[in-house]
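Notes to accompany the following structure.
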Amino acid sequence: MSDTSKQIEERYKKMLLSRTASERLRMASRMFDSGRKLVISGIKREKQQLTASQLRREIFMRMYGSDFTAAVREKIIHGIPNMQSDSAS
């Protein structure tokens, strides 16, 4: 489902393809950074008293948690230093 007309989609595609690969990469990187900041803001609003380690875990869970089974998520969490879970999450 899309609320964007085909004409606008084509115009946007043409605009993106007119940029260099490095410009498109820079745009994507900025969008990812903006999205990550929004995720962090939402986590901090919900859970104000997180340690840095717990925040890293919450970021991982929000951004990538649904990409893995529970067993794989736990393996990843335990394999990354400074990303432990707390009893409240």
Side-chain angles (χ1 to χ4, degrees):
M1 174 185 241
S2 175
D3 64 351
T4 306
S5 72
K6 289 289 183 192
Q7 180 183 12
I8 297 299
E9 283 181 13
E10 287 299 319
R11 191 171 172 190
Y12 181 70
K13 182 178 177 182
K14 185 177 180 181
M15 184 270 307
L16 282 179
L17 293 176
S18 72
R19 299 188 183 254
T20 66
S22 64
E23 287 173 322
R24 291 193 305 266
L25 179 61
R26 205 171 12 257
M27 287 172 64
S29 178
R30 286 186 195 136
M31 286 187 277
F32 177 84
D33 291 344
S34 295
R36 189 172 191 276
K37 286 176 184 176
L38 288 170
V39 166
I40 292 169
S41 176
I43 291 168
K44 287 182 174 181
R45 188 175 34 252
E46 292 173 10
K47 302 177 181 186
Q48 286 103 23
Q49 301 298 322
L50 292 177
T51 65
S53 172
Q54 293 165 340
L55 179 60
R56 285 185 70 197
R57 180 188 185 282
E58 291 298 321
I59 293 167
F60 168 76
M61 292 301 293
R62 286 267 177 103
M63 296 184 79
Y64 308 108
S66 64
D67 294 338
F68 304 100
T69 65
V72 172
R73 280 193 307 266
E74 287 306 310
K75 187 175 182 178
I76 292 169
I77 289 168
H78 291 299
I80 297 176
N82 299 319
M83 189 166 69
Q84 285 81 47
S85 58
D86 64 342
S87 57
S89 55

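One is the number of the first residue; the rest follow in order along the sequence.
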Within one Ile-Leu-Val-Met-Phe-Trp-Tyr cluster: [X] and [Y], side-chain cutoff 4.5 Å:
{"X": "I43", "Y": "Y64", "value": "yes"}
{"X": "V72", "Y": "M63", "value": "yes"}
{"X": "F32", "Y": "L38", "value": "no"}

Flag side-chain contact, heavy atom, 4.5 Å: L55 against K44: yes
Within-4.5 Å side-chain heavy-atom neighbours: R57 and L50: no
Minimum heavy-atom distance [X]-[Y], with the two atoms named:
{"X": "R19", "Y": "R24", "value": "O-NH1, 2.6 Å"}
{"X": "T20", "Y": "E23", "value": "N-OE1, 2.8 Å"}
{"X": "R73", "Y": "F68", "value": "NH1-O, 2.8 Å"}

To the nearest 0.5 Å, what is the distance between [atom1] on [X] and [atom2] on [Y]?
{"X": "R45", "Y": "I40", "atom1": "CZ", "atom2": "CD1", "result": "12.5 Å"}
{"X": "M31", "Y": "M27", "atom1": "CE", "atom2": "CE", "result": "5.0 Å"}
{"X": "T69", "Y": "E74", "atom1": "OG1", "atom2": "CD", "result": "10.0 Å"}

Check: S41 side chain, K37 main-chain N or O, donor-acceptor pair, under 3.5 Å: no
With sequence neighbours excluded, residues passing side-chain hydrogen bond (donor to acceptor under 3.5 Å, both in side chains) with S2: E9
